[in-house]
Number of protein chains: 2
Amino acid sequence: MGIIRKTKSVELLLDIFSQNSNALSVVNLVKKTKNQMNKTTVYRILERMESEGVVHSFNDINGNKWYAKCHSCSSDNHLDSHPHFQCKDCGAIECLSVEIAIPKVPNFQIDSAEIMLVGTCRNCSIV
Amino acid sequence: MGIIRKTKSVELLLDIFSQNSNALSVVNLVKKTKNQMNKTTVYRILERMESEGVVHSFNDINGNKWYAKCHSCSSDNHLDSHPHFQCKDCGAIECLSVEIAIPKVPNFQIDSAEIMLVGTCRNCSIV
DNA sequence: TTTGGTACTGCAACATAGTTGCATTAGATT
DNA sequence: AATCTAATGCAACTATGTTGCAGTACCAAA
């Protein structure tokens with residue numbers, strides 16, 4: 001697919017992902033990098049990174065886009081069917097390494113599943 | 001919670017839901033009713049209907065909000081944990097009546113699950 | 001190490017979904 | 001009919017995400 005050049009912006013984003021085990025919202029990434037690059041660039045790099053299989057994307061319960069490092073994505077298959085967990089208190093999202101079988105439903109041809117589990121994360125449940 | 005008055009607008013929306021077994025996107029509802037009411041009103045009535053347990057809401061794979069009639073919601077519990085199915089061709093969404101157990105994940109306190117199954121619906125797979 | 005093609009970026013303007021404040025209207029209750 | 005207040009319309013706003021285009025910088029080839 002697209003060739004990805006190792007620009008400053010690409011490297012900064014890769015850096016941020018390597019330092020974060022949790023998923024990151026685009027809004028957050030745009031904010032984090034606003035002194036280094038334009039938001040359009042953030043959106044475009046993330047798109048390229050996804051099509052390269054470096055990250056995968058999904059929407060949170062508020063409809064905002066998030067990205068997370070891929071562990072088992074390829075450029076052909078971004079469909080880890082792993083679930084995501086969002087804390088309803090702090091909003092943080094993490095990928096769960098549990099593999100969940102895509103539910104079979106009679107008469108439906110299902111290709112993939114987006115599973116968002118909602119609850120309270122460890123940090124927030126302490127308080 | 002809120003008192004719901006039987007206004008023209010409320011009745012129109014209830015009507016639309018009674019005529020549709022599928023879920024409806026807010027965008028679509030705003031379009032459908034643009035001669036009868038303001039979009040702000042649509043958003044507000046849907047909110048009230050949800051808190052009354054008449055409908056439930058969720059986001060589609062593009063992050064847009066949808067509503068569907070409740071079958072087993074109460075005003076206390078909108079958490080049918082039924083999955084939704086979105087056709088990636090035509091975009092239509094339907095509620096699946098299958099009850100899916102909320103997956104248990106060790107060390108996570110999970111309250112609810114949003115499950116969106118993506119595939120091709122019957123109409124679209126004919127073509 | 002310079003050159004040149006083109007991938008990439010920044011900017012500004014736009015598109016769309018959803019929200020808010022406030023003045024006015026219209027259900028319901030008496 | 002009078003009245004209380006939920007509900008509505010409107011306009012202006014916020015936020016997320018997108019597009020076109022001109023200019024920049026990566027990288028490979030000479």
Side-chain angles (χ1 to χ4, degrees), chain A residues 1-17 23-68 75 86 91 93 114 116, chain B residues 1-17 23-68 75 84 86 91-93 114 116:
Chain A
M1 280 260 157
I3 288 154
I4 291 207
R5 290 185 178 170
K6 282 283 162 58
T7 63
K8 297 250 161 69
S9 300
V10 169
E11 278 174 353
L12 176 54
L13 282 173
L14 287 172
D15 243 51
I16 292 173
F17 276 103
L24 295 158
S25 71
V26 179
V27 173
N28 185 3
L29 286 168
V30 168
K31 216 171 281 170
K32 262 190 166 64
T33 61
K34 70 165 175 294
N35 295 321
Q36 286 77 39
M37 71 186 94
N38 189 272
K39 72 172 172 174
T40 309
T41 305
V42 177
Y43 279 97
R44 294 200 268 224
I45 291 177
L46 290 170
E47 236 168 51
R48 270 181 274 148
M49 282 167 64
E50 182 167 30
S51 75
E52 293 294 310
V54 179
V55 295
H56 61 280
S57 73
F58 54 92
N59 294 292
D60 71 4
I61 49 176
N62 306 118
N64 293 340
K65 201 160 194 180
W66 290 62
Y67 282 87
S75 46
Q86 182 160 30
I93 297 186
E114 294 276 329
M116 181 66 78
Chain B
M1 275 265 156
I3 287 153
I4 290 207
R5 290 187 180 169
K6 282 283 162 59
T7 64
K8 296 247 161 71
S9 300
V10 169
E11 278 174 353
L12 176 54
L13 281 173
L14 286 172
D15 244 48
I16 292 173
F17 276 103
L24 295 157
S25 71
V26 178
V27 172
N28 184 5
L29 286 167
V30 168
K31 216 172 280 171
K32 262 190 165 63
T33 60
K34 70 165 176 293
N35 295 320
Q36 285 78 38
M37 72 186 94
N38 189 274
K39 73 172 172 173
T40 309
T41 306
V42 178
Y43 279 97
R44 293 199 269 224
I45 290 177
L46 291 170
E47 236 169 49
R48 270 180 274 147
M49 282 168 65
E50 182 166 29
S51 74
E52 293 295 310
V54 179
V55 294
H56 61 280
S57 72
F58 54 92
N59 293 292
D60 72 3
I61 49 175
N62 306 118
N64 292 340
K65 201 161 195 177
W66 290 62
Y67 282 88
S75 46
H84 296 103
Q86 182 160 31
I93 297 186
E114 296 274 331
M116 180 67 77

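Chain letters run A, B, ... following the sequence lines, proteins first, then strands; residues in each count from 1.
As rounded to whole Å, 16 Å separates atom C1' of C:dT9 from atom CE of A:Met49. D:dA15 atom C1' lies 15 Å from atom CG of A:Asn28, rounded to whole Å. The distance from atom CG of B:Leu46 to atom P of D:dT8 is 11 Å, rounded to the nearest whole Å. Taking atom CG of residue A:Leu13 and atom C1' of nucleotide C:dC8, one finds them 13 Å apart after rounding to whole Å. At whole-Å resolution of the value, CD1 in B:Ile45 and P in C:dT19 are 15 Å apart. The CD atom of B:Glu52 sits 13 Å away from the P atom of D:dA6 (whole-angstrom rounding). Per the geometry, CG belonging to A:Asn59 stands 19 Å off P belonging to D:dA15, to the nearest Å. Atom CD1 in B:Ile61 sits about 15 Å away from atom P in D:dG17, given to the nearest Å.
Minimum interatomic distance between A:Phe17 and A:Met49 (heavy atoms only, all atoms of both residues): CD1-CE, 3.9 Å.
Take B:Asn59 and apply the side-chain hydrogen bond (donor to acceptor under 3.5 Å, both in side chains) test, not counting sequence neighbours, and it matches no residue. Listed by chain and number, the residues in a side chain to side chain contact (heavy atoms under 4.5 Å, CB included) with A:Glu114 are A:Phe58, B:Ile61, B:Met116 (sequence neighbours excluded). With sequence neighbours left out, B:Lys8 forms a side chain to side chain contact (heavy atoms under 4.5 Å, CB included) with no residue at all.
Rounded to 10 degrees, the angle between the two end axes of the helix from C:dT1-D:dA30 to C:dT30-D:dA1 is 30°, with five pairs used at each end.
Only at 4.0 angstrom or more do the heavy atoms of residues 30-37 of chain B sit from any atom of DNA chain C, so none qualifies.
Interatomic distance, NZ of B:Lys32 versus CG of B:Leu13, reported as 11.0 Å (0.5 Å rounding). The distance from atom NE2 of B:His56 to atom OH of B:Tyr67, rounded to the nearest 0.5 Å, is 11.0 Å. Atom CG of A:Asp60 sits about 5.0 Å away from atom CD1 of A:Ile93, to the nearest 0.5 Å. Interatomic distance, OG1 of A:Thr33 versus CD1 of A:Ile16, reported as 6.0 Å (0.5 Å rounding).
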- Task: Starting from the C-alpha separation in whole Å, work towards a yes-or-no answer on side chain to side chain contact (heavy atoms under 4.5 Å, CB included) for B:Lys65 and B:Leu46.
- Result: CA-CA 11 Å; B:Lys65 201 161 195 177; B:Leu46 291 170; over 6 Å; no
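With hydrogens and angles disregarded, no donor-acceptor distance shorter than 3.5 Å links the side chain of B:Asn62 to the backbone of B:Asn64. The main-chain N or O of A:Ser57 is found under 3.5 Å from a side-chain atom of A:Glu50 such that the two form a donor-acceptor pair. At least one donor-acceptor pair under 3.5 Å links the side chain of B:Gln86 to the backbone N or O of B:Gly91.
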- Message: Can you build the contact string for nucleotides 24-30 of chain D? Use B for base contact, S for sugar-phosphate-only contact, and - for no protein heavy atom under 4.0 Å.
- Response: -BBS---
- Note on the structure: Nucleotide by nucleotide, nucleotides 12-17 of chain C touches protein heavy atoms under 4.0 Å in the pattern (B base, S sugar-phosphate only, - none) B----S
Donor-acceptor contacts, no H, no angles, side chain residues 34-43 of chain A, under 3.5 Å, sequence neighbours left out:
{"from": "A:Asn38", "atom 1": "OD1", "to": "A:Thr40", "atom 2": "N", "distance (Å)": "2.9"}
{"from": "A:Asn38", "atom 1": "OD1", "to": "A:Thr40", "atom 2": "OG1", "distance (Å)": "2.9"}

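Residue-to-nucleotide proximity on DNA chain D shows that, of A:Glu47 and B:Arg44, the 5′-proximal contact is made by B:Arg44.
Residue B:Val10 has its side chain nearest to D:dT8 when only D:dG17, D:dT8, C:dT9 are considered.
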